[in-house]
There are 2 protein chains.
Amino acid sequence: MLMSHYIDIMKKAGVKFTRPRKLVLDALQAAKQPLSIKEIHKRVRNKADLASVYRTVNLFQDLGIVREVQFGEGYQRYELIGEGQHHHYVLCIECGKLEDIDICLLDRVEKMTNFKILSHSMEFQGLCHSCAG
Amino acid sequence: MLMSHYIDIMKKAGVKFTRPRKLVLDALQAAKQPLSIKEIHKRVRNKADLASVYRTVNLFQDLGIVREVQFGEGYQRYELIGEGQHHHYVLCIECGKLEDIDICLLDRVEKMTNFKILSHSMEFQGLCHSCAG
DNA sequence: TTCTAATTGCAAATGGTTTGCATTGCTTGT
DNA sequence: ACAAGCAATGCAAACCATTTGCAATTAGAA
Ligand SMILES: [Mn+2]
Ligand SMILES: [Mn+2]
Ligand SMILES: [Zn+2]
Ligand SMILES: [Zn+2]
């Protein structure tokens, strides 16, 4: 996704496109896995404060730029959402291997329940083929 | 699920069936929704310490007696698992309405990914029909 | 460039969860 | 019934992710 896309979203929302926000965006774009706050902060050390990373990620969530991914590690992870897309994962708790599963039940659940779904999580944890032995 | 079922599990695991553990079990059995630690503790006040509630719930998780439910509230919820069963939910963030969705992708994901899945979360948050307007 | 509200950095606070340790309570063997 | 040994508890302190107050800085409109 182009940087200009996210700048547009912020402009439309009437918030400033600041240095910390660009840095967090860069970090998330460079990553190929959902990042924790600590990981984002590490990729941005001495450029943006930890509190700013938190505030930025929360803002991005409100703006629909990032999505929270729950791996049950005791903290959250975040990934960019590109044009209405997002992923769901299966994680090996032994070796950390992460696989994308191409399923999303959003539409099905909206129809089935008559809810307007605003967010959802659907993540699996277990042992990959190698680690299961 | 019968209390004896859970007692058996604890016996097999070689852990004691103590008063706090019975209290937490009772609270979870009486509940018709996943409970937070705070809610369990409230239902058990002056009978079991908060730390014991935490320790008990963690033990029950290890024993496969309870399952963590993630509603993204900033803390965890727990529900009893009866004989290989568990639920997935859609939650209205406005009025708190909770609906059970009768879908589980465990088997499908295990086959698709060749992982041995040990835990998973699949919860949806949004607005129910009344609250969406 | 100037001006001002939005944003940041830093430090302190918060809140859920875990942990250390002395005490209590089972359980087993005598 | 008693004692010994180990497990589990209560209480307080620690931990750690996240939030917040506030003074200083900065984006971006005028
Ligand atoms: Mn989805
Ligand atoms: Mn399931
Ligand atoms: Zn693995
Ligand atoms: Zn509702």
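Heavy atoms only: backbone and side chains are in, while hydrogens, waters and symmetry mates are out. Here the structure is a predicted model, which means the values were calculated and not measured.
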Answer yes if the side chains of [X] and [Y] hold a donor-acceptor pair under 3.5 Å, and no otherwise.
{"X": "Thr113(A)", "Y": "Glu99(B)", "answer": "no"}
{"X": "Glu123(A)", "Y": "Gln70(A)", "answer": "no"}
{"X": "His86(A)", "Y": "His120(A)", "answer": "yes"}

Quick one: [atom1] on [X] to [atom2] on [Y], what's the gap to the nearest 0.5 Å?
{"X": "Met122(A)", "Y": "Leu106(A)", "atom1": "CE", "atom2": "CG", "answer": "9.5 Å"}
{"X": "Asp102(B)", "Y": "Asp100(B)", "atom1": "CG", "atom2": "CG", "answer": "5.5 Å"}
{"X": "Lys97(B)", "Y": "Leu127(B)", "atom1": "NZ", "atom2": "CG", "answer": "12.0 Å"}

Calculate the interatomic distance between [X] atom [atom1] and [N] atom [atom2]; express it in whole Å.
{"X": "Glu39(A)", "N": "dC16(D)", "atom1": "CD", "atom2": "C1'", "answer": "16 Å"}
{"X": "Leu59(A)", "N": "dT8(C)", "atom1": "CG", "atom2": "C1'", "answer": "13 Å"}
{"X": "Leu63(A)", "N": "dA6(C)", "atom1": "CG", "atom2": "P", "answer": "15 Å"}
{"X": "Asp49(A)", "N": "dA24(D)", "atom1": "CG", "atom2": "P", "answer": "17 Å"}
{"X": "Glu68(B)", "N": "dG16(C)", "atom1": "CD", "atom2": "P", "answer": "15 Å"}
{"X": "Tyr54(A)", "N": "dT7(C)", "atom1": "OH", "atom2": "C1'", "answer": "19 Å"}
{"X": "His41(A)", "N": "dT18(D)", "atom1": "NE2", "atom2": "P", "answer": "13 Å"}

Problem set entry | With sequence neighbours excluded, residues passing salt bridge (charged side-chain N to carboxylate O under 4.0 Å, His left out) with Glu73(A) |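 In terms of salt bridge (charged side-chain N to carboxylate O under 4.0 Å, His left out), with neighbours along the sequence ignored, Glu73(A) is linked to Arg77(A).
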Exercise. Would Asp107(B) and Lys111(B) pass as an ion pair if we require N to O under 4.0 Å?
Worked result: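 So Asp107(B) does not pair with Lys111(B) through a salt bridge.
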Problem set entry | Glu110(B) and Arg108(B) ion-paired at < 4.0 Å |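 No salt bridge links Glu110(B) with Arg108(B).
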Exercise. Given the rule in the side-chain contact (heavy atoms from CB on, under 4.5 Å) test, do Cys95(A) and Cys128(A) qualify, once you have shown the distances and angles that lead to the verdict?
Worked result: CA-CA 8 Å; Cys95(A) 70; Cys128(A) 74; 3.9 Å; yes
For this session: List for me each residue that meets side chain to side chain contact (heavy atoms under 4.5 Å, CB included) alongside Arg43(A), sequence neighbours excluded, and say none if there are none.
Result: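 Per chain and number, Arg43(A) pairs via side chain to side chain contact (heavy atoms under 4.5 Å, CB included) with Ala27(A), Leu35(A), Glu39(A).
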I want to verify a distance call: between [options], whose nearest atom is closest to the [X] side chain?
{"X": "Thr18(B)", "options": "dC10(C), dT9(D), dC11(D)", "value": "dT9(D)"}
{"X": "Ile37(A)", "options": "dT19(D), dA8(D), dT18(D)", "value": "dT18(D)"}
{"X": "Leu50(B)", "options": "dT17(C), dT7(C), dT9(D)", "value": "dT17(C)"}
{"X": "Lys38(A)", "options": "dT19(D), dC11(D), dA17(D)", "value": "dA17(D)"}
{"X": "Ala51(B)", "options": "dT9(D), dT8(C), dC11(D)", "value": "dC11(D)"}
{"X": "Arg55(A)", "options": "dT19(D), dT20(D), dT19(C)", "value": "dT20(D)"}

Exercise. Which angle, to the nearest 10 degrees, lies between the helix axes at the two ends of the helix from dT1(C)-dA30(D) to dT30(C)-dA1(D), each defined by five pairs?
Worked result: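 Nearest ten degrees gives 30° for this helix.
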Problem set entry | With sequence neighbours excluded, residues passing ring pair (Phe, Tyr, Trp, His ring centres under 6.0 Å) with Phe60(B) |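 Partners of Phe60(B) by the ring pair (Phe, Tyr, Trp, His ring centres under 6.0 Å) criterion come out as none, since no residue qualifies.
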For this session: Under 4.0 Å from any atom of DNA chain C, heavy atoms only: list the residues of residues 1-17 of chain B that qualify, in numerical order.
Result: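 DNA chain C contact set from residues 1-17 of chain B: Lys16(B).
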Problem set entry | Residues in contact with DNA chain C, drawn from residues 72-80 of chain A - heavy-atom cutoff 4.0 Å |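 Here the set is empty: none.
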Problem set entry | Phosphate OP1/OP2 of dT18(C) contacted by Asn58(B) side-chain N/O (<4.0 Å) |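 For dT18(C), OP1 or OP2 has a side-chain N or O of Asn58(B) closer than 4.0 Å.
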Exercise. Are OP1 or OP2 of dT8(C) and a side-chain N or O of Ser52(A) less than 4.0 angstrom apart?
Worked result: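 Ser52(A) to dT8(C) OP1/OP2: no side-chain N or O under 4.0 Å.
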For this session: Would you classify Lys47(A) as touching base, sugar-phosphate or nothing, given that sugar-phosphate means primed atoms plus P, OP1 and OP2, and contacts are heavy atoms under 4.0 Å?
Result: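 Result for Lys47(A) = sugar-phosphate.
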Exercise. Got a donor-acceptor pair under 3.5 Å from the side chain of Arg19(B) to the base of dG10(D)?
Worked result: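 A donor-acceptor contact between them is absent.
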